[in-house]
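See structure below.
We count residues from 1, following the sequence as given.
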Amino acid sequence: MPAYNPPLRDMQFVLHEVLNVTQELKALPAHADTDADTINAVIEEAGKFASEVTFPLNISGDTEGCVLDKTTHEVKAPKGFKEAYAKFVEGGWPALSCDPEYGGQGLPYVVNQCLYEMLNSANQAWTMYPGLSHGAYEALHAYGTPEQKKTYLGKLTSGEWTGTMCLTEPHCGTDLGLLRTKAEPQADGTYKITGNKIFISAGEHDMAANIVHLVLARLPDAPKGSKGISLFVVPKFHVKADGSLGERNPIFCAGLEHKMGIHGNATAQIVIEGATGTLVGEPNKGLQAMFVMMNAARLGVGNQSLGLTEVAFQNALAYAKDRIQMRSLSGVKAKDKEADPIIVHPDVRKMLMTAKAYAEGGRALQIFCTLLLDKAHNHPDEKVRKDSDEMVALLTPIVKAFITDNGHIATNACMQVFGGHGFIKEWGMEQFVRDNRINMIYEGTNTVQSLDLLGRKILANNGASLKKFGKLVGKLVEEEGVNEKMSEFITPIAVLGDKLTKFTTEIGFKGFQNPDEVGAAAVDYLRVAGHFVFGYLFARMAQVALREIAAGNQDPFYVAKLQTARFYFAKLFPETATLMLTARAGAKPLMDTEAALA
């Protein structure tokens, strides 16, 4: 059976020693009083909840899955899920970073980020139920009418009700401009919604009294394409004027998808048969409101793979220390045993260190982004809010695609450490691989994220956002450029920064002549940008570790951090050279393939 220990020490390192979050939060009136002791106490309790309440349900939930009663259209979650969710609500966890006006605790997003990383390590399928609710809360908080906020936000904040996002339809995935779900206006100001949705995570379950569906649909006079999409809130049960639940709204689960992973989460086929809904935001501007939820979900999906990378690493490390097989190539290491533990072998260490580096880099990036979100929402200076929002927009596709791709690499590597046992269910490793695989697909596939990064976030503004991130790197290079001990971390990011500028210009010029050149380069480009961001964060982590060691701190944590940073720059970061070569190969080897693909 697998085990999980919340990585509190590393979280605290990133929060307090690298990013100095409490100092940053002092500039935000809403969070000025949030101190390190409060943050540490909350994430410690969050870790207990994840490891003691939801983690024990991970394998059993995967085995049991969800069950649909086709007569009533009700779905039963795996055994223990409902009870765990009741404890989650009782503990006030859904309200952690929600607005106090609606019953929230008003803590920073960075704290919520740590909670959800640990929940994802413990049980991604279970965590998706409250995780999607938080996205629905964000969308209604930003664009809901006063009446909608009054009706829904308090219940979503408390966790009494959960939420979903209903986008995809059988004939269209990412291309939402093709959707056909209809919204007919009614005399009382409501709308009758009719259509079919698929792949709706947490779309139906028995864990909460009501489900608040956010549904994309078309008004009768809507323009074609994505410019004619509106957003509606469609509850499972009608809500009466006094807040109590009324009759069932005709929005039903018609089937559950049979999936590779995340079996404990109900991925529902939703049929909407004239259900009553109310408009969120302006007509035909539904995507603007839905993108609040979608961007939150994209950061959340990156967090799912971060969680799985961490738990996979922990279990592979423990196994590698215990499993004996063969002798070390450089001589016997465990003289009292028949063979050496497999951790002595270089390639086993490479697999372990790959997972460790991708977990620690991902954690630093996620906390960095959520601190930017706190600034974007709460900083009194409009310029700081705008700059923070722009930076989050730039980094969101990297968080979603780079961390989930890395999660795929890491969970597979950790399964490999187990050898044949990794392929066997009771060790838990194959489930981490299966559960992670969806993260590369949904909320916009990683190719879509790559096109978003290169096309919309970089080339569309002539690299202005990328240059702003480059200034952060430049500042660090200026601080540490003459520090010989930092050269192994500073030189690679300084060199890549220069190359990335030229690389971006080159792709932009080729794309101007032939747009397929952007499509051909985008995936490679995102990984280069991802390593640039990770490299910056690892350099900052190494900076702190070197400083502590120089000051006489004997904590082996700092030596371990330096070793991880060195491994990252020596073994993973150099991938950027190959990526730029393959990107420069251009569109021709891909598009000139008619005979090969005939």
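With salt bridges taken as basic N to acidic carboxylate O contacts below 4.0 Å, none links Glu247 and Lys236. Between Glu443 and Arg298, no side-chain nitrogen of the basic residue sits less than 4.0 Å from a carboxylate oxygen of the acidic one, so the salt-bridge criterion is not met. Electrostatic pairing of Lys87 and Glu83 does not count as a salt bridge here, judged by no charged N lying under 4.0 Å from a carboxylate O. A salt bridge links Arg248 to Glu204: one of the charged nitrogens lies within less than 4.0 Å of a carboxylate oxygen. We find that Lys386 and Asp381 are not joined by a salt bridge, their nearest charged nitrogen and carboxylate oxygen being 4.0 Å or further apart.
The shortest distance between side-chain heavy atoms of Asn40 and His16 falls below 4.5 Å. Side-chain contact between Cys414 and Tyr319: absent, with no pair of heavy atoms (C-beta onward) separated by less than 4.5 Å. For the pair Phe423/Phe418, no side-chain contact is recorded, criterion being any heavy-atom separation below 4.5 Å from C-beta on. Asp405 has its side chain out of reach of Tyr358: every pair of non-hydrogen atoms, C-beta onward, lies at least 4.5 Å apart.
For Lys400 (side chain) and Gly302 (main-chain N/O), no donor-acceptor pair under 3.5 Å exists by modelled atom type. Proximity of a side-chain donor or acceptor of Asn249 to a complementary backbone N or O of Ile251 within less than 3.5 Å is not detected. In this structure, Arg385 contributes its side chain and Lys375 its backbone to no donor-acceptor pair below 3.5 Å. Using a distance-only test at 3.5 Å, with no hydrogens or angles considered, no donor-acceptor pair links the side chain of Ser244 to the main chain of Lys240. Looking only at distances, no side-chain donor or acceptor of Glu74 sits under 3.5 Å from a matching main-chain atom of Asp206. Of the possible donor and acceptor atoms, one in the side chain of Thr445 sits under 3.5 Å from a partner among the backbone N and O of Val448. In this structure a side-chain-to-backbone donor-acceptor pair under 3.5 Å is missing from Ser305 to Gly407. Judged by distance alone, with hydrogens and angles left aside, the side-chain atoms of Tyr85 form a donor-acceptor pair with the main-chain N or O of Gly159 at under 3.5 Å. A donor-acceptor distance shorter than 3.5 angstrom exists from the side chain of Lys197 to the backbone of Leu216, with no hydrogens or angles considered. Side chain of Thr38 to main chain of Thr34: no donor-acceptor pair is present (N/O by atom type, distance under 3.5 Å, no hydrogens or angles).
Ring orientation note: the planes of Phe402 and Phe534 are nearly perpendicular, at an angle over 60° on the 30°/60° scale. The aromatic rings of Phe88 and Phe49 lie tilted to each other, with the angle between the two planes from 30° to 60°.
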### Task
Given side-chain hydrogen bond (donor to acceptor under 3.5 Å, both in side chains), test His205 with Thr162 step by step and report yes or no.
CA-CA 10 Å; His205 57 82; Thr162 61; 2.9 Å; yes

### salt bridge (Lys or Arg N to Asp or Glu O under 4.0 Å) between Arg9 and Glu17, intermediate numbers included
CA-CA 11 Å; Arg9 178 67 182 91; Glu17 299 180 66; 3.1 Å; yes

### Message
Run the side-chain hydrogen bond (donor to acceptor under 3.5 Å, both in side chains) test on Thr145 and Glu147 for me, step by step, so that the C-alpha distance in whole Å, both residues' side-chain angles and the decisive distance to 0.1 Å come before the verdict.
### Response
CA-CA 5 Å; Thr145 65; Glu147 185 178 354; 5.4 Å; no

#### Entry: Stepwise side-chain hydrogen bond (donor to acceptor under 3.5 Å, both in side chains) test for Tyr143 and Glu138
CA-CA 9 Å; Tyr143 286 97; Glu138 292 287 355; over 6 Å; no

### Message
I'd like to know whether Asp33 forms a salt bridge (Lys or Arg N to Asp or Glu O under 4.0 Å) with Lys26, so could you lay out the CA-CA distance, the side-chain angles of the two residues, the decisive distance to 0.1 Å, and finally the verdict.
### Response
CA-CA 7 Å; Asp33 296 330; Lys26 279 182 171 44; over 6 Å; no

### Message
Show, in sequence, the C-alpha distance, side-chain angles and deciding distance for Glu310 and Lys356, and conclude whether the salt bridge (Lys or Arg N to Asp or Glu O under 4.0 Å) test is met.
### Response
CA-CA 7 Å; Glu310 175 64 35; Lys356 181 179 174 65; over 6 Å; no

### Task
Would you check, one step at a time, whether the test side-chain contact (heavy atoms from CB on, under 4.5 Å) holds for Leu245 with His238?
CA-CA 6 Å; Leu245 297 181; His238 293 293; over 6 Å; no

### Task
Please assess Thr278 against Gln148 for the test side-chain hydrogen bond (donor to acceptor under 3.5 Å, both in side chains), listing each intermediate value before the final yes or no.
CA-CA 8 Å; Thr278 55; Gln148 286 169 339; 2.9 Å; yes

### Stepwise salt bridge (Lys or Arg N to Asp or Glu O under 4.0 Å) check, Lys425 with Asp62
CA-CA 10 Å; Lys425 185 174 177 60; Asp62 178 69; 2.3 Å; yes

### Query
Is there a side-chain contact (heavy atoms from CB on, under 4.5 Å) between Met415 and Phe432 once you walk through the steps?
CA-CA 9 Å; Met415 185 173 77; Phe432 300 145; over 6 Å; no

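Summarising the geometry, atom CG belonging to Leu140 is positioned 8.5 Å from atom OH belonging to Tyr152; distances are rounded to the nearest 0.5 Å. Taken to the nearest 0.5 Å, the CG atom of Asn303 stands 12.0 Å off from the OG1 atom of Thr404. Rounded to the nearest 0.5 Å, atoms NE2 (His421) and CD (Glu430) are 14.5 Å apart. Considering CD1 of Ile438 and NZ of Lys259, their distance stands at 8.5 Å, rounded to 0.5 Å. Between the CG atom of Asn120 and the CG atom of Leu115 there is a distance of 9.5 Å, given to the nearest 0.5 Å. Atom NE2 of His377 is separated from atom NE2 of His141 by 8.5 Å, given to the nearest 0.5 angstrom.
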Please list every donor-acceptor pair under 3.5 Å in which a side-chain atom of residues 124-137 meets a protein atom from a residue at least two apart or in another chain.
| from | atom 1 | to | atom 2 | distance (Å) |
| --- | --- | --- | --- | --- |
| Gln124 | OE1 | Asn439 | ND2 | 3.2 |
| Gln124 | NE2 | Gln304 | OE1 | 3.4 |
| Gln124 | NE2 | Asn439 | OD1 | 3.0 |
| Trp126 | NE1 | Phe81 | O | 3.3 |
| Thr127 | OG1 | Leu119 | O | 2.9 |
| Thr127 | OG1 | Asn123 | O | 2.8 |
| Tyr129 | OH | Gly264 | O | 2.9 |
| Tyr129 | OH | Ala266 | N | 3.1 |
| Ser133 | OG | Tyr129 | O | 3.1 |
| Ser133 | OG | Gly163 | N | 2.9 |
| Tyr137 | OH | Asp99 | N | 2.7 |

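Other residues, nucleotides and ligands contribute over 12 non-hydrogen atoms within 6.0 Å of the NZ atom of Lys149.
In this structure, Phe199 has its ring center at least 6.0 angstrom away from the ring center of Tyr442. Between Phe232 and His213, the distance from one ring center to the other does not fall under 6.0 angstrom.
Considering only residues two or more places apart in sequence or on other chains, Tyr4 meets the ring-ring contact (aromatic ring centres under 6.0 Å, His included) condition with none of them.
Asp435 and His263 share no donor-acceptor pair across their side chains, judged by distance under 3.5 Å alone.
Partner Ile403 forms a side-chain contact (heavy atoms from CB on, under 4.5 Å) with one of Arg363, Met440, Gln366 and no other, that one being Gln366.
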